[in-house]
Peer 1: 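One structure, as structure tokens, below. Some questions next.
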There are 2 protein chains.
Amino acid sequence: MADSPELHQARMARKKTVVDAGIARASIERGVVIVNTGNGKGKSTAGFGMIARALGHGMRVGVVQFIKGSSATGEEAFFRRFDKVSYHVMGEGLTWETQDKERDIAGAKAAWHKACELLRDPAVAVVLLDELNIALKLHYVATDEVIAALRARPLQQHVVITGRGAPAALIEYADTVTEMKLVKHAYHAGGKAQNGVEW
Amino acid sequence: MADSPELHQARMARKKTVVDAGIARASIERGVVIVNTGNGKGKSTAGFGMIARALGHGMRVGVVQFIKGSSATGEEAFFRRFDKVSYHVMGEGLTWETQDKERDIAGAKAAWHKACELLRDPAVAVVLLDELNIALKLHYVATDEVIAALRARPLQQHVVITGRGAPAALIEYADTVTEMKLVKHAYHAGGKAQNGVEW
């Protein structure tokens, strides 16, 4: 068993945590751009996990949510408590129901404007642009403009971008891209649709 | 553009947030078991994002980390601050380097014992069993025993299990399974290996 794939994998996982700790201690020379995309769960949730982790390190963070969810979301209720968190939910929410496209575009642009402020502020160590990919796919915000802002951001700033359907150019530019792939979902399992942890 | 796939997608995303809010308000009849697996990033991070979300709802949560990382991890530093969080890191840490398999097994069993306490406590709304899958793959903890404990847990309790290589029986039992698939990683991009947000 000493040389089993499982033990090797476990050893690698252990090594990773050691490497990670080293990175934590080292001065970070260049922040990274992380994209969480795909049709599975956990894209935004992992983004919020990174926000928690950064707060654990005493860092200042910024969040812009491009799709306005319920004001009852747990993450908003939770992260708004901390004065190191600058939290912004897109002004009006996108008007999918009313189909007021002009208003949606204005809302997306206002959210992007807020994002740009965070992407210019070297005091903000991590910026989460939640569901930005959807605004990009709708062409409410231009991908070129986003990449230009990412290029021009403070050297050590990390950025996490979430949402299905990340544009190819953004994937190309990003340092780390994860596809959250749906294997199985409670909602797809018939009678379980009323249950969930997707607050 | 009104009927474009992007707009449809966005509308679905919006609908999801509405559904999610409904779920948040509704009394949850049965907790779900969520498995985050695969070789990409974000498995544990999404687990910690769920912990943050649950805290946002004022819930009591429990965390057991089956792979002891650095004590400097951001998530541990952060979540230990809250009295609604019961946080446990596996006693000795697995001894990959020293190859003391007996000690590893004892450590994994102790961590699982702690997990069982949480899985019996109806006051704990969400239990995160971080990297449990690795202990399962190594057969340090029996998958059958885990599934039996999940079946016997309090009705409304949610459980999140992370780590590569989730066993097939666990995937079969779980309600929601996401494969975090590596598309691209900064570590794989040569010169960028010194940079990271994997504290």
Side-chain angles (χ1 to χ4, degrees), chain A residues 2 6-7 9-11 13-14 17 20-21 23-24 28-30 32 36 40-42 45-46 48-50 52-57 67 69-70 72 74-75 77-78 94 96 131 134 137-138 158 164-165 174-186 189 192 194-199, chain B residues 6-7 9-11 13-14 17 20-21 23-24 28-30 32 36 40-42 45-46 48-50 52-57 67 69-70 72 74-75 77-78 94 96 99 131 134 137-138 158 164-165 174-186 189 192 194-199:
Chain A
E6 289 75 18
L7 190 60
Q9 193 175 75
R11 207 180 289 124
R14 170 69 181 145
T17 66
D20 293 353
I23 289 168
I28 293 165
E29 291 170 20
R30 185 67 176 112
V32 293
N36 294 342
K41 308 300 299 174
T45 319
F48 283 103
M50 294 202 56
R53 195 175 274 175
L55 289 171
H57 288 289
I67 301 286
S70 160
E75 55 268 28
F78 184 67
L94 295 189
W96 314 120
E131 304 285 12
I134 289 177
K137 283 212 78 178
L138 287 165
H158 302 295
R164 291 180 182 216
D175 298 291
T176 297
V177 179
T178 305
E179 181 195 350
M180 272 65 171
K181 210 177 142 187
L182 183 73
V183 176
K184 186 176 177 182
H185 187 357
K192 289 180 177 173
Q194 81 285 6
N195 307 319
V197 280
E198 324 191 19
W199 307 284
Chain B
E6 289 75 19
L7 190 57
Q9 192 173 77
R11 207 179 291 125
R14 171 67 181 147
T17 65
D20 292 354
I23 289 169
I28 292 165
E29 292 169 20
R30 184 69 177 109
V32 292
N36 294 340
K41 309 300 296 174
T45 320
F48 284 103
M50 292 201 59
R53 194 175 274 174
L55 289 171
H57 288 289
I67 301 286
S70 160
E75 55 267 27
F78 184 66
L94 295 189
W96 315 119
Q99 298 275 328
E131 304 285 10
I134 289 177
K137 282 212 78 176
L138 286 164
H158 302 295
R164 291 180 183 216
D175 298 291
T176 296
V177 180
T178 305
E179 180 196 351
M180 272 64 172
K181 209 177 141 190
L182 183 73
V183 176
K184 187 176 174 183
H185 187 356
K192 288 180 176 171
Q194 81 284 6
N195 307 317
V197 281
E198 321 194 20
W199 307 284

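These numbers were taken from a predicted model, which means no experiment stands behind them. Chain naming here is simple, since letters A, B, ... match the order of the sequence lines and numbering starts at 1 in each.
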Peer 1: Would the distance check show the side chain of A/Lys41 and the main-chain N or O of B/Val177 forming a donor-acceptor pair, the cut-off being under 3.5 Å?
Peer 2: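 No, the answer is negative, given that no donor and acceptor are paired below the 3.5 Å cut-off.
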Peer 1: Determine the minimum heavy-atom distance between B/Val183 and A/Thr178, stating which atoms define it.
Peer 2: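 Shortest heavy-atom contact: CG2-C, 4.2 Å.
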Peer 1: Can you tell which of A/Gly40, A/Ala46, A/Gly42, A/Gly49 has the highest number of heavy-atom pairs within less than 4.5 Å of chain B?
Peer 2: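 The answer is A/Ala46.
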Peer 1: What pair of heavy atoms forms the shortest contact from A/Arg53 to B/Thr45, and how long is it?
Peer 2: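 For A/Arg53 and B/Thr45, the tightest heavy-atom pair comes out as NH2-OG1, 3.4 Å.
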Peer 1: Could you state the interatomic distance from CD (B/Glu179) to CD (A/Glu179), rounded to the nearest 0.5 Å?
Peer 2: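 So the gap between those two atoms works out to 8.0 Å.
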Peer 1: Counting N and O atoms only, with roles assigned by atom type, does the side chain of A/His185 sit under 3.5 Å from a partner on the main chain of B/Thr176, one being a donor and the other an acceptor?
Peer 2: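 Here the side-chain-to-backbone pair does not exist.
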